Amino acid sequence: MKQIRSVKGTHDILPKDSHNWYQLESIIHNVCAKFGYKEIRTPIFEETNLFFRSVGEDTDIVSKEMYTWKDKNGTSLTLRPELTASVVRSYIQHNLGSQSPIQRLYYIGSLFRRERPQKGRQRQFHQFGVEAFGSEYPEQEAEVVAIAWHIILQVGLLKKAKLQINSIGSAKCRSTYQQALKDFFSPHLAKLSEVSQKRLIKNPLRILDTKNKEELSILKNAPRISEYYSKEDKDHFEEVKRFLKNMDIPFIINPTLVRGLDYYTKTVFEFISEDLGSQNALLGGGRYDGLVENLGGKPIPGIGFAAGMERFLLAIKENKLEFKPQPPDIYFICLDRSGIATLLNIANKLRTKGYIIISDMLRKSMKAQFKDANKLGARYVLILGEDELKNHTIGFKNLINGNQKNIKQENIIEFFNNLKN
RNA sequence: GUGGGUGUAGCUCAACUGGUUAGAGCACCUGUUUGUGGCACAGGAGGCUGUGGGUUCAAGUCCCAUCACUCACCCCA
């Protein structure tokens with residue numbers, strides 16, 4: 001019979017790795033809490049229309065990468081390929097804006113895109129991200145970037161992650177710029193790739209982040225978005241930069257950074273890491289002042305970012321910054337079957353006091369149990385054998401220095417509490 | 001969707017131009033120590049060499065197909 005494997009592009013998170021996920025998640029929760037952001041959890045699938053209207057029908061994500069099916073009642077449903085759309089939907093649906101003019105949210109969850117897997121890219125993958133609704137001011141950019149910066153600091157990747165920022169202007173200046181790009185590229189039409197030719201019509205901005213060498217050389221002389229900023233756009237971007245400098249968050253300006261989703265406006269940014277291979281974006285985001293309105297809400301400005309959990313963990317691993325799993329405090333050894341009930345009872349009492357205790361389930365030899373204790377990194381071993389049972393005591397051994405003594409069973413909790421101090 | 005690379009033990013990898021029973025390290029189990037871990041030594045278990053076909057006296061090795069994994073393009077976290 002053919003063995004069933006996990007589906008292409010999906011991965012099991014095995015016990016030897018799961019603690020790394022747990023640690024990363026707890027850093028995310030802690031940092032977000034420091035900024036007053038609250039977690040939001042939305043369903044894993046949505047109506048397909050949500051992504052048409054937010055991400056954009058012409059993007060690759062929507063046009064060829066979504067897992068979409070028809071529900072029994074005929075509605076088209078889709079496994080979410082990104083999370084901003086869902087969060088905005090939820091924000092509008094529950095009228096969160098009326099509870100407070102500022103909504104600071106963050107999320108952690110699975111996403112699905114049907115792409116060819118490669119390093120740092122899977123079909124089911126995980127992102128965390130933040131979304132802040134309500135403020136049009138540049139300090140909101142500063143705050144959101146600072147959250148990203150703090151998380152990167154906490155996981156130890158600050159030296160490896162480079163922040164790039166750009167402004168793609170507000171909707172008005174962007175449309176004149178797009179026209180300018182069309183005018184500029186038209187004479188070079190023949191030299192452009194097929195994809196770029198299509199983009200020239202639909203979304204000329206996207207030509208800017210091409211990797212094609214020939215196109216890059218044409219690009220050198222292309223008009224810059226910065227020449228088309230309105231005064232307001234320009235001032236806004238200057239303020240963002242000033243605030244970041246004041247927080248000592250280093251960045252470089254990348255005028256070709258445009259990002260692939262349709263909804264971005266003004267500030268866009270990415271943290272790049274060189275340890276990720278070709279898919280080098282660790283985290284990316286930007287402002288999306290029109291999105292809430294686009295999806296049927298009030299004209300509320302918003303800004304956020306999304307970060308790849310797998311990419312974070314990959315970079316953490318490459319830099320040997322992996323978290324240490326928590327070892328048990330105590331390994332409880334039983335030598336005599338008649339002692340099992342007593343062992344389970346005492347172990348449970350110690351657990352209610354907060355100790356992590358592991359005991360053998362295979363009735364192994366004492367030697368094998370000691371080996372387990374050592375392998376698991378337990379600090380202490382408790383031993384319950386014939387003699388101890390007879391005398392109502394427990395053998396105690398410190399595995400670090402080898403010291404050993406006998407303790408009365410009734411005093412065991414007190415003994416450990418004193419040990420801690 | 002397109003292109004390259006790789007498939008041998010749980011993991012990392014050996015096996016000269018095709019040649020006898022496919023090996024090693026790590027991990028696992030047991031023992032040296034009948035109630036004491038790490039270290040050392042000894043032993044054990046674990047394989048349809050991804051799958052199917054072909055060439056050959058003979059295939060892990062060569063050829064074809066297929067599947068899987070992987071990297072890259074496109075695009076994105």
Side-chain angles (χ1 to χ4, degrees), chain A residues 2-11 14 16 55-56 58-65 81-84 107-129 148 161 193-196 198-199 203 206 209-213 257-261 269-273 276-285 304-315 331 333-336 339 362 364-389 395-404 406:
Chain A
K2 200 187 156 199
Q3 194 192 35
I4 299 177
R5 304 174 45 92
S6 62
V7 172
K8 183 197 277 287
T10 66
H11 291 285
L14 297 174
K16 71 182 170 62
V55 181
D58 299 325
T59 59
D60 283 16
I61 292 178
V62 170
S63 64
K64 56 184 200 195
E65 294 172 2
E82 66 115 43
L83 256 157
T84 300
Y107 58 78
I108 300 178
S110 291
L111 308 184
F112 306 85
R113 292 181 199 169
R114 198 182 185 292
E115 300 177 274
R116 204 65 176 257
Q118 71 187 71
K119 187 172 184 178
R121 174 193 287 162
Q122 300 168 202
R123 289 185 173 185
Q124 177 176 3
F125 62 105
H126 299 79
Q127 286 187 345
F128 67 89
S193 65
E194 209 177 308
V195 199
S196 291
K198 269 188 198 152
R199 281 198 188 130
N203 190 354
R206 297 296 310 288
D209 60 6
T210 182
K211 288 178 192 167
N212 181 310
K213 273 183 191 162
L257 179 66
V258 294
R259 305 195 44 75
L261 281 54
F269 61 94
E270 280 184 5
F271 276 91
I272 308 288
S273 165
L276 296 176
S278 184
Q279 308 306 320
N280 62 357
L282 204 53
L283 177 154
F305 68 75
M309 307 269 287
E310 281 84 359
R311 290 187 187 177
F312 261 75
L313 291 168
L314 203 61
Y331 190 97
I333 288 177
C334 187
L335 297 177
D336 196 300
L362 294 174
K364 287 193 201 172
S365 69
M366 174 158 78
K367 191 186 169 85
Q369 293 189 58
F370 259 103
K371 279 189 174 179
D372 275 347
N374 196 58
K375 193 172 68 186
L376 292 166
R379 294 167 65 87
Y380 310 116
V381 160
L382 289 178
I383 305 161
L384 201 55
E386 228 178 320
D387 297 348
E388 288 83 359
L389 282 167
F396 165 87
K397 180 166 184 176
N398 181 328
L399 285 184
I400 292 154
N401 57 25
N403 290 347
Q404 224 167 323
N406 273 334

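Letters A, B, ... mirror the listed sequences (proteins, then strands); counts begin at 1. Being a predicted model, the structure only gives us computed values, none of them experimental.
Remark: A:Arg121 engages A:Glu115 in a salt bridge, criterion side-chain N to carboxylate O under 4.0 Å.
Taking atom C1' in both B:A40 and B:U33, one finds a spacing of 13 Å when rounded to whole Å. The separation of B:C69 from B:A45, taken at their C1' atoms, amounts to 28 Å, rounded to a whole angstrom. As rounded to the nearest Å, B:A58 and B:G44 have C1' atoms that lie 33 Å from one another. Using atom P as the reference point in both B:A65 and B:A24, the two lie 36 Å apart (nearest Å). Remark: the separation of the P atoms in B:U70 and B:G53 is 28 Å, to the nearest Å. Taking the C1' atom of each, B:U56 and B:G18 are spaced 9 Å apart, rounded to whole Å. Comparing the same atom, P, in B:A27 and in B:G38 gives a spacing of 12 Å after rounding to whole Å.
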(message) Reading 5' to 3' and counting Watson-Crick or G-U wobble pairs with both distances under 3.5 Å, write the dot-bracket notation for RNA chain B, | for bases paired outside the strand.
(response) (((((((..((((.....[...)))).(((((.......))))).....(((((..]....))))))))))))....

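Contact check, A:Gln279 against B:C73: a side-chain N or O comes under 4.0 Å of OP1 or OP2. For B:C71, neither phosphate oxygen OP1 nor OP2 lies less than 4.0 angstrom from any side-chain nitrogen or oxygen of A:Gln118. In this model, the phosphate group of B:C69 is approached by a side-chain N or O of A:Lys8 to a distance below 4.0 Å at OP1 or OP2. Proximity of A:Ser278 to the phosphate of B:C73: a side-chain N or O atom is located under 4.0 Å from OP1 or OP2. For the OP1/OP2 pair of B:C74 and a distance below 4.0 Å, the side-chain nitrogens and oxygens of A:Lys64 include no atom meeting the criterion.
Here the side chain of A:Arg116 is nearest to one of B:A77, B:U2, B:C28, namely B:U2. If you check B:C74, B:C28, B:U32 against the side chain of A:Asp60, the one that comes closest is B:C74. When the nucleotides B:A77, B:U70, B:G35 are ranked by their closest atom to the side chain of A:Met366, B:G35 comes out on top.
The two atoms that bring A:Phe112 and A:Phe125 nearest to each other are N-CE2, 4.2 Å, heavy atoms only. Annotation for A:Gly395 and A:Asn406: closest pair CA-OD1, 3.4 Å, computed over non-hydrogen atoms.
Residues A:Gln124 and A:Thr10 have side chains that never bring a donor and an acceptor to within less than 3.5 angstrom of each other.
Residue A:Gln404 places a side-chain atom within donor-acceptor reach of the base of B:U36, judged by atom type and a 3.5 Å distance cut-off alone. Side-chain atoms of A:Glu388 come within donor-acceptor range of the base of B:G35, with a qualifying N/O pair under 3.5 Å. Side-chain N/O atoms of A:Arg311 and base N/O atoms of B:C76 include a donor-acceptor pair closer than 3.5 Å. For a distance-only test at 3.5 Å, the side chain of A:Lys371 fails to qualify as a donor-acceptor partner of the base of B:G38. Counting distance only, with no hydrogens placed and no angle test, the side-chain atoms of A:Lys367 and the base atoms of B:U36 include no donor-acceptor pair under 3.5 Å. The base of B:A77 sits with one of its N or O atoms less than 3.5 Å from a complementary donor or acceptor on the side chain of A:Arg113.
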(request) Please step through side chain to side chain contact (heavy atoms under 4.5 Å, CB included) for the pair A:Asp372 and A:Lys364, ending with a clear verdict. (result) CA-CA 10 Å; A:Asp372 275 347; A:Lys364 287 193 201 172; 3.0 Å; yes

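Using a 4.0 Å heavy-atom distance criterion, A:Leu111 is classed as making no nucleic acid contact.
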